[in-house]
Number of protein chains: 2
Amino acid sequence: MQISSRFSVAVHVLALLATHRPTDGLLTSERMAGSVNTNPVVIRRILGQLKKAGLVEVRPASGGTFLSRQPAAISLLDVYRATEVVEAGQLFSIHEQPNPACPVGRNIQAALNKTLQRAQTALEQQLAAVSLQQVALDIAAKAAVGVG
Amino acid sequence: MQISSRFSVAVHVLALLATHRPTDGLLTSERMAGSVNTNPVVIRRILGQLKKAGLVEVRPASGGTFLSRQPAAISLLDVYRATEVVEAGQLFSIHEQPNPACPVGRNIQAALNKTLQRAQTALEQQLAAVSLQQVALDIAAKAAVGVG
DNA sequence: TGCAACTGTAACCAAGCGGGTTACAGTAAT
DNA sequence: ATTACTGTAACCCGCTTGGTTACAGTTGCA
């Protein structure tokens with residue numbers, strides 16, 4: 001099954017925050033929802049996860065939402081960990097109750113675990129290597145081309 | 001969300017086939033289900049996917065099931081591709097309809113795509129690096145220790 | 001102080017997937 | 001023919017997702 005779009009929506013939201021100018025007024029969940037094209041509640045739920053992870057600061061009422069760190073200090077892995085429900089190290093699910101009376105059943109989990117961990121770690125390292133700043137710059141570059 | 005356990009069950013089944021001795025009689029879906037601890041139909045469904053991918057040959061009736069290639073020539077990536085419903089390159093899902101009127105909305109998909117592809121490829125390379133033979137040998141080694 | 005605007009959450013829904021189960025038709029070896 | 005197996009359809013339940021409504025809580029500001 002696919003990894004939830006919560007992750008990409010979260011990156012989207014953070015990119016909005018990273019590129020938002022205070023002079024443009026408040027960046028509310030409704031405006032973010034307009035850019036993502038979803039319901040404001042969906043945005044608020046994701047903002048709640050990002051807040052819990054310490055990536056953003058949300059001030060209720062007309063307070064606004066801000067990044068807690070510089071975009072260069074936020075990696076996509078941070079966002080991934082904040083939004084994925086998957087426990088760390090549990091991207092793959094293994095059948096839980098193989099038959100212990102069978103040599104294969106008894107040892108399959110341990111035999112697979114190493115490899116699956118390595119695979120998952122390889123994926124996460126690629127996410128760790130990209131910062132929100134890079135994404136924001138990439139978007140800005142593309143937007144400039146689109147305009148010009 | 002987690003990657004379906006179909007994948008690990010498929011590896012389990014293939015490991016059974018790789019270590020099975022013909023003198024031990026037919027390796028039926030029911031016997032495999034006994035080792036995995038699930039329903040025979042679940043095994044048959046997975047065998048169907050493995051068959052379609054050309055990894056096993058299943059002869060109906062009392063014909064038995066066999067690997068189509070040597071265990072050394074079957075990688076876990078082959079198994080992953082055979083069992084995952086996820087289209088190639090679609091491990092991550094991206095929200096489909098961002099607002100084209102917003103610079104971020106218009107460019108987020110392209111900006112994310114590169115990185116997500118890289119992450120997914122990194123995961124798949126780790127799976128490609130491990131063969132069914134290695135898994136079977138690992139299981140045999142562990143089983144020997146367990147017995148001894 | 002009271003209003004307006006926003007966030008935080010609970011509650012509910014529909015859709016889709018996963019794994020389990022039953023049932024039964026198809027097929028091959030003996 | 002009988003027997004033993006595979007192939008598949010059909011159905012179920014539980015879970016996750018994303019969307020939606022509703023409303024209480026909070027804050028800035030007139």
Side-chain angles (χ1 to χ4, degrees), chain A residues 1-10 12-13 16-17 20 22 25-34 36-53 56-66 83-87 90-99, chain B residues 1-10 12-13 16-17 20 22 25-34 36-53 56-66 83-87 90-99:
Chain A
M1 185 139 196
Q2 289 185 247
I3 292 173
S4 159
S5 71
R6 273 199 305 273
F7 170 62
S8 62
V9 171
H12 187 146
V13 163
L16 287 172
L17 289 169
H20 179 250
L26 228 53
L27 196 44
T28 67
S29 65
E30 188 163 355
R31 291 180 66 186
M32 299 188 212
V36 173
N37 196 19
T38 183
N39 193 286
V41 174
V42 173
I43 299 294
R44 281 181 237 152
R45 282 203 277 244
I46 290 175
L47 280 177
Q49 297 185 284
L50 297 176
K51 189 169 66 167
K52 195 182 295 178
V56 303
E57 184 183 343
V58 184
R59 298 203 260 273
S62 315
T65 303
F66 309 92
T83 56
E84 283 309 308
V85 175
V86 178
E87 304 287 318
Q90 300 289 342
L91 178 56
F92 291 89
S93 57
I94 305 188
H95 49 299
E96 295 292 337
Q97 310 281 349
N99 188 343
Chain B
M1 186 140 197
Q2 290 186 278
I3 290 172
S4 158
S5 72
R6 271 198 306 270
F7 170 61
S8 62
V9 171
H12 186 145
V13 164
L16 287 171
L17 288 169
H20 179 251
L26 229 50
L27 196 43
T28 67
S29 65
E30 187 162 357
R31 290 180 68 186
M32 299 189 211
V36 172
N37 196 20
T38 183
N39 192 287
V41 175
V42 173
I43 300 293
R44 280 181 239 153
R45 283 204 278 245
I46 290 174
L47 280 178
Q49 297 185 283
L50 297 177
K51 188 171 63 168
K52 195 181 298 180
V56 303
E57 184 183 345
V58 184
R59 298 203 259 275
S62 313
T65 303
F66 309 91
T83 55
E84 283 307 309
V85 176
V86 179
E87 303 288 317
Q90 300 290 343
L91 177 57
F92 291 90
S93 57
I94 305 189
H95 50 299
E96 295 291 336
Q97 310 281 348
N99 188 343

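Within every chain, numbering begins at 1; the chains are lettered A, B, ... in the order of the sequence lines, protein sequences first and strands thereafter.
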Please determine if a side-chain N or O atom of B:Ser4 lies less than 4.0 Å away from the OP1 or OP2 oxygen of C:dG18. no
Taking atom CG of A:Asn37 and atom NE2 of A:His12, what is their separation to the nearest 0.5 Å? 9.5 Å
Residue mapping more 5' on DNA chain D - nearest nucleotide basis, A:Met1 or A:Arg44: A:Met1
Between D:dA4 (P) and B:Met32 (CE): distance, integer Å: 18 Å
In whole angstroms, the gap separating P of D:dG18 from CD1 of A:Ile43 amounts to 11 Å
Check whether any side-chain N or O of A:His20 sits under 3.5 Å from a backbone N or O of A:Gly25 as a donor-acceptor pair, and report yes or no. yes
Length of the CG-P vector between B:Asn39 and D:dC11, whole Å: 18 Å
With no hydrogens and no angle check, is any side-chain donor or acceptor of A:Glu84 less than 3.5 Å from a backbone partner on A:Ile3? no
Give the rounded distance in Å between these two atoms: CZ of B:Arg59 and P of D:dA4. 20 Å
Just to confirm, is there a sub-4.0 Å distance from OP1 or OP2 of C:dC6 to any side-chain nitrogen or oxygen of A:Ser29? no
For the pair B:Arg59 (side chain) and B:Thr65 (backbone), establish whether a donor and an acceptor sit closer than 3.5 Å, ignoring hydrogens and angles. no
So, is B:Thr38 near the phosphate of C:dG20, with a side-chain N or O under 4.0 Å from OP1 or OP2? yes
Check every strand shown and say whether A:Val58 touches a base, only sugar-phosphate, or nothing at a heavy-atom separation below 4.0 Å. sugar-phosphate
Here the distance between atom C1' of C:dA5 and atom CZ of A:Arg31, to the nearest Å, is 14 Å
Go through the steps for B:Arg44 and B:Ser29 under the test side-chain hydrogen bond (donor to acceptor under 3.5 Å, both in side chains), then give the verdict. CA-CA 6 Å; B:Arg44 280 181 239 153; B:Ser29 65; 3.2 Å; yes
Atom-to-atom span, CD1 of B:Ile46 to P of C:dG18 - whole angstrom: 11 Å
Separation of atom CD in B:Glu30 from atom C1' in C:dG20, rounded to whole Å: 15 Å
Distance, rounded to the nearest Å, where B:Leu47 contributes CG and D:dC5 contributes P: 14 Å
Applying a 4.0 Å non-hydrogen cut-off, can you work out what B:Arg45 is touching in the nucleic acid: base, sugar-phosphate, or nothing? base
Can you identify which nucleotide, out of C:dT7, D:dA22, D:dT17, has its nearest atom closest to the A:Thr28 side chain? C:dT7
Pairwise 5' ranking along DNA chain C for B:Pro40 and A:Lys51, keeping only the more 5' one: A:Lys51
